[in-house]
Amino acid sequence: MPNILLLGGTTEASALARLLAARGISATLSYAGRTGNPRAQPVPVRVGGFGGVAGLADYLRDHRITHLVDATHPFAAQMSAHAIAAARLAAVPHIALTRPPWRPATGDRWNNVPNIAAAVGALAGPARRVMLALGRMHVDAFAAQPQHHYLLRFVDPPDSRPALPRHSLIVDRGPFTAGGDAQLMQAHGIDLVIAKNAGGTGADAKLVAARQLGLPVLMIDRPPAADRIEVYRPEEVLVWLAHDADRGV
Ligand code: NAP
């Protein structure tokens, strides 16, 4: 019988957890523990890091995991690299449930940068009003460009005040709409949006809003693609479980 470890923290992971529970397939959903109030899940949940590649490989063996599904966020590059390495070590079939990156549409004014450091560098220059739609993890890096006013939106209230001298903070976990985000940008006089190319439908409202308002977007590209099997829909994981995983692909 399959016994799945599902690395989560995303909408896709929650969707797959529902699908597995509905089919009576044994699975544990793993959270890093970054948000204070994760949503209730229909499968058992564990929280916290595994202790690197070796820790994850031990977990796979100790809990007799038969399949590892990495449904972490496309920017959770370290966890995804650990998943590949630990699955190899423990000889457990592995798949990634992820999302295609966003592509610019007509009317978009994107400047692409490869990472956060490059985004910070690109902000050198006169003061602007910037919507920094990155989540709270990378916000402090932007203190290196303190001349700008930053509009921040976090899922949870932060433990400490963000290190940006000029900012407004909104706590809201969405879902967001293009109309709502356009209103927000106008209310705050935003003239630049900074986003990570997360992909998916949950977080693209700000991009549609920026397009509607003709605002430029500084788009942070994804970490380099990993060597792994990737699918985009939870149902495809079920197909893999039923067929491909048994053939060792
Ligand atoms: P990361 O930098 O790739 O991972 C850092 C460490 O956190 C990992 O080495 C691992 O610790 C632990 N970890 C990460 N995901 C885990 C999981 N699902 N279960 C158990 N441990 C986990 O990851 P991150 O970018 O900080 O993201 C953390 C979590 O937030 C992920 O679950 C991700 O799906 C979610 N998330 C991230 C973003 C983003 O933009 N990065 C956005 C939305 C949601 P050990 O080495 O000790 O095992």
Side-chain angles (χ1 to χ4, degrees), residues 4-17 27-39 41 43-63 65 67-90 92 94-99 101-102 113-117 119 132-142 152-156 158-159 171-176 194-207 218-226 228 230 234 237:
I4 291 145
L5 177 63
L6 172 55
L7 304 174
T10 57
T11 315
E12 290 79 4
S14 300
L16 179 58
T28 302
L29 177 56
S30 175
Y31 283 124
R34 300 280 191 275
T35 53
N37 189 16
R39 64 166 95 166
Q41 293 291 348
V43 299
V45 167
R46 67 162 299 284
V47 180
F50 296 93
V53 173
L56 179 54
D58 286 346
Y59 183 99
L60 296 174
R61 292 189 198 100
D62 294 348
H63 292 79
I65 299 297
H67 302 82
L68 176 60
V69 181
D70 176 3
T72 56
H73 190 271
F75 277 80
Q78 180 168 307
M79 187 69 250
S80 290
H82 288 185
I84 293 171
R88 273 192 200 130
L89 266 180
V92 168
H94 160 268
I95 195 169
L97 171 61
T98 184
R99 332 153 175 175
W102 292 313
V113 286
N115 50 41
I116 303 276
L132 195 56
L134 297 183
R136 77 193 138 126
M137 276 186 299
H138 301 292
V139 158
D140 287 355
F142 289 85
L152 310 174
R153 182 163 61 191
F154 294 169
V155 170
D156 291 313
D159 297 331
V171 176
D172 190 348
R173 65 170 64 201
F176 305 111
I194 303 186
K196 293 191 287 196
N197 196 336
T201 51
D204 65 349
K206 56 186 176 275
L207 301 178
L218 192 58
M219 181 61 79
I220 302 168
D221 290 333
R222 291 182 176 196
R228 60 186 190 179
E230 289 188 356
V237 175

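Atoms within a ligand are numbered from 1 in the order they appear, just like the ligands themselves. Heads up: numbering here begins at 1 and tracks the sequence. When reading the values below, keep in mind they use all heavy atoms of this one structure, side chains included, and skip hydrogens, waters and symmetry mates.
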Practice task
Could you tell me whether the side chain of Leu6 reaches within less than 4.5 Å of the side chain of Val237, counting heavy atoms only?
Solution key: no

Completion exercise
Residues with a heavy atom under 4.0 Å from ligand 1, by chain and number, are Gly8, Gly9, Thr10, Ser30, Tyr31, Ala32, Arg34, Arg46, Gly48, Gly49, Phe50, Gly51, Gly52, Thr72, His73, Phe75, Ala76, Ala77, Gln78, Met79, His82, Met137, Lys196

Practice task
Would you mind reporting whether Met219 and Trp102 have side-chain heavy atoms less than 4.5 Å apart?
Solution key: yes

Exercise for the section: Look at the rings of His63 and Tyr59 and say which category their plane angle falls in: under 30° parallel, 30 to 60° tilted, over 60° perpendicular. Expected result: parallel

Problem - Pairwise side-chain contact, Phe142 with Leu152, heavy-atom cut-off 4.5 Å (strictly under) - result: no

Problem - Side chain proximity check, Asp70 to Arg228, heavy atoms < 4.5 angstrom - result: yes

Handout entry: Validation row: Leu56, Leu5 side chains within 4.5 angstrom (heavy atoms)
Key = yes

